[in-house]
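Please read the structure below before turning to the comments.
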Amino acid sequence: MDVVDLSRFQFASTSIFHFFFVSLTVGLAFLIAVMETFAYVSQRRREVYGRMTNFFGHLFLINFAVGVVTGIVQEFQFGMNWSQFSYFVGNIFGVPLTLEVLMAFFLESTFIGLWWFGKDKLKPWMSLAAIWLVAIGTQVSAFWIVLANAWMHHPVGFEVVDGQARLTDFGAVVFNYKAWIYFFHVQGSAWVVAGFFVLGIAAYHLLRRQDADVFGKALRIGLVFAAIGTVFSALSGHTAAQVAREDQPMKFAAMEAQWETSESPAPWSLVAVIDEEDRQNTVNIEIPYLGSILAYNGLEGRYEGINQLEEEYDEQFGPGSYTPPVTWVYWSFRIMVAIGSLLLATAFLGLFLWWRRRASLDETRWFLRALVWFIPLPWIANFTGWVTTEMGRQPFMVYGWLTVEEGVSANSSSEVLVGLVGLWIVYLGLIGLDVYLLSSTARAGVHRKPGAQLLAAPPPDYQGVGLADYDRKN
Amino acid sequence: MDLVTLWFWLIAVTFTLYFFLEGFDFGVDILRPTLAENEAEERALTGTIGPFWDGNEVWVIAAAGLMFSTFPLWYGAVFSGMYPLFVLILLALLLRGVSFEYRNQVDSQRWRAFWDWMSFGGSVVPSFLWGVIMAKLIEGLPVNAEGRVEAGLAAMFSPFSIVGGSTTLLLFMLHGANFLLLRLHTDTVLYNRARRAALRWGALATLAIVGFVVMGYVTEDLFEDFGVVPWAFPVAAFLTLASIWWALVRRRDVLAFTMSGLTVLFATVTVFIALFTRGEVLPSTLRPEFGLTLQESASQPYTLVLMTWVGGIFLPLIIGYQIWNYYVFRERVRPDEGALSHGY
């Protein structure tokens, strides 16, 4: 592998590892803020919601630190591996990145400490405000970084002078339609991750009939959360694909493995065996009409083919290869859509069961068992989603303006390889630890007596002592 | 003052704040193995920086982000040019950052010992390497005609950069010890050990600073263009160090900490003055005319004006709530044997 491939691989691994942690952080922060609000507002069930907040807060904290430290790698690696890209886009891309730090990172990292360590030092309303600031910080953070990413897919508000993109209209960058679609999609997906995380853990304990008061409530909060998340994710994802057909047609064609321009109405490929060498599908099982329905919300409209687009791109950007890795894009897209649909159905089935069965939802064992198994699915959907969107825009870094080859630093491949190996070892270790600690803490439940105290991250007082002081301190 | 100059100095301020803040939490982690004699003391030491280190660390992300948006060429050249050093810093920060949360999650001596090593090593490595990086900024890198840098690990280490690294490492240890004097209960053994550590490491830090100044004067012409009083900053750094010794002996803890903070400030500002007076943010060791100048590295006025608004609004706000954070956790820490026995 040359330095471009290695750098790409490093960027992809760092981003995917980073998103593994932060998707849970972003979604769970909001959920915990909601739980603590219930504890604050509800007189009667304060103790139950308080224990719930502390329990999921502990899990949140285990995961939070890793998201923070992998974020430093993100911030450094633009300059480290992509110095030419940094020079080209710095005027524009650097702004949302800095805004993310100033508006979100400081807020999250300061107030998470105040929330967790300050429980006995702050008034309850201050503690509640602190967790809401953390929750808002995570959403703001997601907004700015996704805005920066969306700009690379659909650059707006700039002019190119002396081989450098210069910002001319920051408003256009902020109101880039692509950014808002991506933001809702990423945001929805983070809610799905956190929603099914809470659902799975709640189901695990309900199956064992442990602390049904806490976990029955958590199950219902998780269901509402997961339902909202899946709907947002599905709607914004649907829009994102339709928009890609217009502003990134090659990505869209690769998602559908559409080599030649289709008839109208277009069918939708369900399963295809792709031969990238000969630029065709050897097997393709298609559903008639569905393609037009999905892409145009109607019964008419054709799909443009990769081969036709390649000719257009050659004319527009100069001769070269503009075909992304079709097999990867096609299959990642399908896995993401399949998982997303399954999760959407599950969330609404859950709401339906809740409505029909009320309290005996806690006894619906087949459903609870499924929920435990579904915990990893949102992560797989996120992973494949990023692969779809980022591989689909190859070979471009900044769509239509800068290719990956042009953006890379003048590093030697050996130093990038050594760094990559080092980072992978640490990442794998961290993911392993994160999963191990999350699952052992989650399984232990609310009555666990932790073996050791954490001064850096003290295990919560699950019994809700301190919550009794609510009234006094208020 | 034009916006390019303003942003150059705001980046200097950001780095200074980072070294000032993370300097003492690195220092505490580095000193912990030598200061703590039992588990309760270890936890007390970690507890002095527990609520702060994360907020401190964000300042380096801010510094990198601000460099990216206001000096993209400089950002790209520095971070790619010293690639191996940044990889090492990242690995160190990754492992050190999680050690805070993970150390006490499993009740096993080997598990704790592992994370103690991570937090020690993860603090030594960046403390040393940031000094190397600052020294290399003055010394320059092999920047070619296109503003790209091709350099291996060996090119990062020169006598000057090694002295630079030792300076930051020792200075952070001194700074960390002084911070402990403000955070530990004055009637604990730990507190007295911290004072002795401050005196010991402070003496070595003074030697390193003197070495750095002399080498900067002799080999790098560091203070040549420093304006009317070229010796003002090195002399000031020396005076602050001397006053730390006086303050430690006289038990003026606040003064000692303020002075080690000022030393960090003077040392960082010296680097940025050197860059500024030469008008070159990254000199080239290949040919003088290849060096990156302040003006050519900067972003366009539109971006700089926008960033000035953003910085003007958020930086004071951030500093405000971080100060409040320190105020909330102002209570001094004491090793608590009892906390260990009742389970958690």
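Naming convention: chains lettered A, B, ... in sequence-line order (proteins, then strands); numbering from 1 in each chain. All of these numbers come straight from a predicted model, not from anything done at the bench.
For B:Leu90, the part lying under 4.5 angstrom from a heavy atom of chain A is the side chain only. At a 4.5 Å heavy-atom cutoff, the contact between B:Leu93 and chain A is made by backbone and side-chain atoms alike. The parts of B:Leu66 that come within reach of chain A are both its backbone and its side chain, each placing non-hydrogen atoms under 4.5 angstrom from that chain. At a 4.5 Å heavy-atom cutoff, the contact between A:Thr168 and chain B is made by backbone atoms alone. Only the side chain of A:Leu437 comes within contact range of chain B, with heavy atoms under 4.5 Å apart. Using a 4.5 Å cut-off between heavy atoms, A:Gln74 does not touch chain B at all. A:Phe78 touches chain B through backbone and side chain together, each having a heavy atom under 4.5 Å away. Contact annotation for A:Val426: only side-chain heavy atoms (C-beta onward) come within less than 4.5 Å of a heavy atom of chain B. Interface residue B:Leu95: only side-chain heavy atoms are found under 4.5 Å from chain A. Contact annotation for B:Val78: neither backbone nor side-chain heavy atoms come within less than 4.5 Å of a heavy atom of chain A. For B:Phe68, the parts sitting under 4.5 Å from any heavy atom of chain A are the backbone and the side chain alike. Using a 4.5 Å cut-off between heavy atoms, B:Leu315 touches chain A through its side chain atoms alone.
With A:Ser439 contributing its side chain and A:Tyr436 its backbone, the two residues share a donor-acceptor pair below 3.5 Å. No side-chain donor-acceptor contact under 3.5 Å links A:Glu75 to the backbone of B:Ala64.
Counting heavy-atom pairs under 4.5 Å between each of A:Asp434, A:Leu423, A:Leu107, A:Ile112 and chain B puts A:Leu107 at the top. If you tally non-hydrogen atom pairs under 4.5 Å between each of A:Ile62, A:Val418, A:Val68 and chain B, the highest count goes to A:Ile62. In terms of heavy-atom pairs under 4.5 angstrom with chain A, the leader among B:Tyr321, B:Phe52, B:Phe314 is B:Tyr321. Interface check for chain B: of the options A:Pro96, A:Gly422, A:Gly90, A:Gly79, the most heavy-atom pairs under 4.5 Å are formed by A:Gly79. Heavy-atom pairs under 4.5 Å with chain B were tallied for A:Leu97, A:Val95, A:Leu114; the largest tally goes to A:Leu114. Interface remark: of the candidates B:Tyr302, B:Trp59, B:Trp324, B:Phe71, B:Tyr302 forms the most heavy-atom pairs closer than 4.5 Å to chain A. Chosen from A:Asn81, A:Thr98, A:Asn91, A:Thr70, the residue pairing most often with chain B at heavy-atom distances under 4.5 Å is A:Asn91. Most heavy-atom pairs under 4.5 Å with chain A: of the set B:Pro72, B:Gly311, B:Ala62, B:Gly97, this distinction falls to B:Pro72. Listed options A:Phe170, A:Tyr427, A:Trp82, A:Phe105 were ranked by heavy-atom pairs under 4.5 angstrom with chain B; first place goes to A:Phe170.
The number of heavy atoms from other shown groups lying within 6.0 Å of CZ (A:Phe175) does not exceed 12.
A:Trp424 and A:Ser13 make their closest contact through NE1-OG, 3.2 Å (heavy atoms, listed as atom of the first residue, atom of the second, distance). Taking every heavy atom of both residues into account, A:Pro155 and A:Val398 meet most closely at CG-CG1, 3.8 Å. Residues B:Leu45 and B:Val28 come closest through the heavy atom pair O-CG1, 3.6 Å. Counting all heavy atoms, side chain and backbone alike, A:Arg166 lies closest to A:Asp162 at NH2-OD2, 4.0 Å.
Of the charged side-chain nitrogens involved, at least one lies within less than 4.0 Å of a carboxylate oxygen, so that B:Glu42 and B:Arg103 count as a salt-bridged pair. Taking 4.0 Å as the cut-off between side-chain N and carboxylate O, B:Arg183 and B:Glu331 do not count as a salt-bridged pair. A salt bridge is defined here as a Lys NZ or Arg NE, NH1 or NH2 lying under 4.0 Å from an Asp or Glu carboxylate O, and B:Glu41 with B:Arg334 fails to meet this definition.
Aromatic ring orientation, B:Phe79 versus B:Phe86: parallel (interplanar angle below 30°, classes split at 30° and 60°).
Exactly one of A:Trp144, A:Phe158, A:Phe93, A:Trp401 qualifies for a ring-ring contact (aromatic ring centres under 6.0 Å, His included) with A:Trp151. That residue is A:Phe158.
Expressed to the nearest 0.5 Å, how far CG of A:Leu430 lies from CD1 of A:Ile425 amounts to 12.0 Å.
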